Protein chains: 2
Amino acid sequence: MKASIITVGDEILIGQVIDTNSAWLGGELNQLGVDVVEILSVSDKAAAITGALDRAFGISDVIIMTGGLGPTKDDITKKTIADYFGVEMYFDDATYDKIKALFERFGRTMTDMHKVQCYMPINATLLNNDMGTAPGMMFTKGEKLLFSMPGVPFEMKYIFENGIKPVLHARNEGKSYVFHKTIMTSGIGESFIAEKVEHISDGFPEGLSLAYLPSLGSVRLRITGKGTRPDIKDDVLRYAGIIEKEVSKYVYGYDNEALESAIKRHFDKLGWTLATAESCTGGYLSHKLTSIPGSSSYFQGGVVSYSNELKMKLLGVKKETLESHGAVSEQTVIEMANGARKLNDASVGIGISGIAGPDGGTPEKPVGTIWYAIALPDGTTHAHLLKATKDRGKNIEYTATMVMSRLLSLI
Amino acid sequence: MKASIITVGDEILIGQVIDTNSAWLGGELNQLGVDVVEILSVSDKAAAITGALDRAFGISDVIIMTGGLGPTKDDITKKTIADYFGVEMYFDDATYDKIKALFERFGRTMTDMHKVQCYMPINATLLNNDMGTAPGMMFTKGEKLLFSMPGVPFEMKYIFENGIKPVLHARNEGKSYVFHKTIMTSGIGESFIAEKVEHISDGFPEGLSLAYLPSLGSVRLRITGKGTRPDIKDDVLRYAGIIEKEVSKYVYGYDNEALESAIKRHFDKLGWTLATAESCTGGYLSHKLTSIPGSSSYFQGGVVSYSNELKMKLLGVKKETLESHGAVSEQTVIEMANGARKLNDASVGIGISGIAGPDGGTPEKPVGTIWYAIALPDGTTHAHLLKATKDRGKNIEYTATMVMSRLLSLI
């Protein structure tokens with residue numbers, strides 16, 4: 001079963017709003033084994049909506065549409081769909097009663113504007129929306145289905161879960177299967193992974209495919225199985241296992257787990273604690289680590305030691321070290337990592353110091369020169385040099401990713 | 001000038017990645033006066049890409065395409081475009097030399113796979129990409145333009161800024177004028193601003209419009225002038241001045257200046273320094289502040305004191321305070337702010353402690369209870385309570401924004 005997603009609203013086209021609804025719907029449909037072939041974002045104009053419907057009905061069995069169902073003048077989706085099907089609108093008393101009750105509950109008075117929301121195309125099957133005033137709608141066109149929902153994410157999700165998912169599930173059952181397995185790697189580039197695993201994907205059976213999804217410092221490998229065979233899942237898992245063996249050194253998790261989440265998982269398992277001392281990353285590493293719920297189970301604390309004074313005072317970095325080697329040096333980050341460990345009485349300490357840019361570089365230490373060290377419970381400290389770019393934001397993100405990746409491979 | 005945005009990649013359709021590129025591009029094109037009529041996300045399949053190109057060339061003057069330019073087998077955009085135009089590919093020596101130099105700098109060897117990246121359609125004008133290995137490409141089809149870029153956001157942004165924006169700007173110049181002036185406010189809600197300024201926008205001359213762009217803790221007011229009058233800019237600036245007068249108390253900058261950038265500007269002007277002590281925000285505030293180039297001019301350092309031990313040891317928070325009031329309390333953040341100030345010998349100190357969630361709340365202090373304090377050079381300390389949501393990521397971002405906004409209004 002093929003699906004198109006259509007999102008309606010000028011706010012998406014002018015970049016005022018990031019379309020997160022489509023990604024959520026894509027994930028849900030994919031789980032149901034429905035193949036999303038296209039996402040289309042169009043303006044709040046009747047011609048644009050009609051054009052999108054024509055295109056989507058041409059290539060898909062199911063259309064999921066969000067947006068343009070509100071009470072204001074720019075919300076024209078409902079009227080446009082009625083015109084598209086050439087049907088009249090009727091006043092739906094049940095919707096009126098529901099909106100009225102909702103407004104009474106919040107002590108507000110219903111206006112004429114809200115009465116507009118009670119008119120429905122006569123060929124619509126209404127889908128309950130307990131999260132807002134506009135119900136979802138289902139339409140049929142021959143064998144094909146069109147669903148229309150409000151664009152507000154929690155209303156959209158409610159209607160999909162309760163009104164759309166069961167319908168699609170029943171339609172698709174036993175017809176087609178989609179299954180994904182994603183292997184999360186870090187510390188190796190996309191092309192180097194490809195060299196190692198391409199011979200495997202070249203021998204994939206019908207219906208299986210491999211995608212490389214690189215981001216700063218990490219690459220996801222997604223094995224997808226699509227088809228009418230109920231046992232496609234077994235194939236995906238079997239080949240995922242074979243691929244994983246080839247790159248096992250670099251695998252830190254599965255199915256979109258973040259590095260910071262894998263770190264928490266490992267530290268919790270080991271009963272270890274962690275402390276950080278950051279200079280050029282300015283707290284970004286501790287932010288990433290603490291963005292995971294419950295990270296206080298292992299994360300003790302961090303110091304953002306921008307000044308040399310703080311490096312000496314809190315982390316015990318020696319004045320001689322700073323004077324003879326400089327703040328951005330192997331020696332300094334080793335002392336920072338050990339200082340962070342000691343200060344927090346933690347199992348593991350991390351120290352980072354570098355020139356994030358865009359200014360502050362020298363011929364010997366150009367912008368992008370970044371040292372980091374990881375001090376382990378066994379007393380060893382592992383220092384590494386990163387050669388990053390001239391872009392400050394990218395360097396900060398890249399460093400945090402590389403440090404987390406290295407930490408995972410060490411523990 | 002009308003534009004279509006096409007993003008290529010199964011990862012978008014299955015919801016593995018949220019398409020942020022389109023929103024960014026939509027915002028940029030809008031600033032240039034280019035009208036984005038459709039965003040289309042399609043699969044990594046030749047037929048899907050070709051179908052999208054047909055549609056976009058049919059309705060738009062300019063197509064901006066991202067994704068599918070990497071070195072692996074699932075990256076087929078380049079070959080598909082060459083086939084679409086019916087042209088051959090050539091081996092581009094300049095691209096080869098650039099990738100080779102890049103790899104040498106990082107001490108890696110180029111593989112055959114990277115050589116694939118050097119083949120270009122003969123009708124492509126290459127656009128420099130200093131952020132990665134795949135250059136952008138420009139194609140013409142009659143009067144129409146097609147641009148293709150990698151999907152990695154910072155590469156895409158670099159190519160757009162340097163290779164595409166100037167071309168589109170030149171094309172559109174003298175034909176229609178678009179001018180924006182954005183007033184950055186914080187500490188006041190969208191609807192309260194609207195009450196104050198709506199009577200002004202109601203009297204706008206032809207071609208002027210006002211948009212409210214709310215984000216967590218701040219609202220941007222964008223005055224846009226569009227039309228064929230070259231003097232539309234004067235109207236925009238005049239009305240921006242009138243609007244600013246009505247909300248001057250809440251204005252902290254212009255034209256998308258970030259709060260953290262405005263803070264650096266003010267601190268540098270005053271010759272002041274800043275230090276932070278963060279608990280629940282986990283380093284996110286210091287990360288935001290240090291994301292601005294040159295922030296070491298005023299930012300001294302920060303402590304991420306997740307543990308109570310660190311709060312006492314480094315910041316001098318009293319044991320009695322923690323015992324009688326708790327770590328999340330007015331008294332604790334006041335001591336943290338003053339402790340941060342003292343530890344770093346800084347002009348201003350900030351202390352933050354709260355329950356970011358999703359767990360850890362109590363009936364008296366539910367998830368989202370967040371205290372912060374700002375200690376000023378005059379010896380006063382200003383403490384505030386935030387009541388945020390149950391969403392950890394949102395709470396961290398909201399808190400950092402509110403603290404920065406409050407800091408700006410205090411100094």
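Only heavy atoms go into these numbers, but all of them, side chains included; no hydrogens, no water, no symmetry mates. Just so it is clear: chains get the letters A, B, ... in the order the sequence lines come, proteins before strands, and each one is counted from 1. In this text the structure is predicted, and so the values were computed from the model without any measurement.
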Can a donor-acceptor pair be found, under 3.5 Å and without considering hydrogens, that links the side chain of [X] to the backbone of [Y]?
X: B:S43; Y: A:V37; answer: no
X: B:R392; Y: A:T290; answer: yes
X: A:K313; Y: B:L343; answer: yes

Name of the residue among A:N21, A:I18, A:D19 meeting side chain to side chain contact (heavy atoms under 4.5 Å, CB included) with B:I18: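 With B:I18 as partner, A:N21, A:I18, A:D19 yield a single side chain to side chain contact (heavy atoms under 4.5 Å, CB included), made by A:I18.
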Evaluation steps, side chain to side chain contact (heavy atoms under 4.5 Å, CB included), between A:L213 and B:V17: CA-CA 10 Å; A:L213 309 171; B:V17 156; 5.7 Å; no
A:T389 OG1 to B:M131 CE distance, which is reported to the nearest 0.5 Å: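 CE of B:M131 is found 6.0 Å from OG1 of A:T389.
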Separation between CG of B:L13 and OG of A:S22, rounded to the nearest 0.5 Å: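 The distance works out to 9.5 Å.
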Report yes if some heavy atom in the side chain of [X] is under 4.5 Å from a heavy atom in the side chain of [Y]; otherwise report no.
X: B:E38; Y: A:S41; result: no
X: B:Q300; Y: A:L310; result: no
X: B:Y306; Y: A:S295; result: yes
X: B:R222; Y: A:I14; result: yes
X: A:V304; Y: B:T276; result: no

Side chain from CB out, backbone as N, CA, C, O: work out which of these in [X] comes under 4.5 Å of a heavy atom of chain B, or both, or neither.
X: A:A48; value: neither
X: A:I396; value: side chain
X: A:K394; value: side chain

Partner chain B: residue of A:S307, A:A3, A:S191 with the largest heavy-atom pair count (under 4.5 Å):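 When all of A:S307, A:A3, A:S191 are compared, A:S191 has the most.
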Top of A:G302, A:A356, A:G283 for chain B proximity - count of heavy-atom pairs under 4.5 angstrom: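 Heavy-atom pair counts peak at A:G302.
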Considering all heavy atoms, the nearest A:P358-B:P293 contact: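 The pair with the smallest heavy-atom distance is CD-CB, 3.2 Å.
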Between B:K288, B:H287, B:K311, the one whose heavy-atom pairs under 4.5 Å with chain A are most numerous: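 So the answer, after comparing B:K288, B:H287, B:K311, is B:H287.
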Atom CG of B:D130: over 12 foreign heavy atoms under 6.0 Å: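 Yes, enclosed.
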Within 6.0 angstrom of A:D255 CG, more than 12 heavy atoms from elsewhere: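 Buried by this count: over 12 neighbours within 6.0 Å.
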Side chain, backbone, both or neither: which part of [X] has a non-hydrogen atom closer than 4.5 Å to chain A?
X: B:L314; value: side chain
X: B:E309; value: neither
X: B:L40; value: both

Residue-level interface, residues 27-35 of chain B with chain A, non-hydrogen cut-off under 4.5 Å: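 The residues closer than 4.5 Å to chain A, in numerical order, are B:G27, B:N30.
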Whether B:F103 and A:F192 hold their rings parallel, tilted or perpendicular, with breakpoints at 30° and 60°: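 Aromatic pair B:F103/A:F192 classed tilted.
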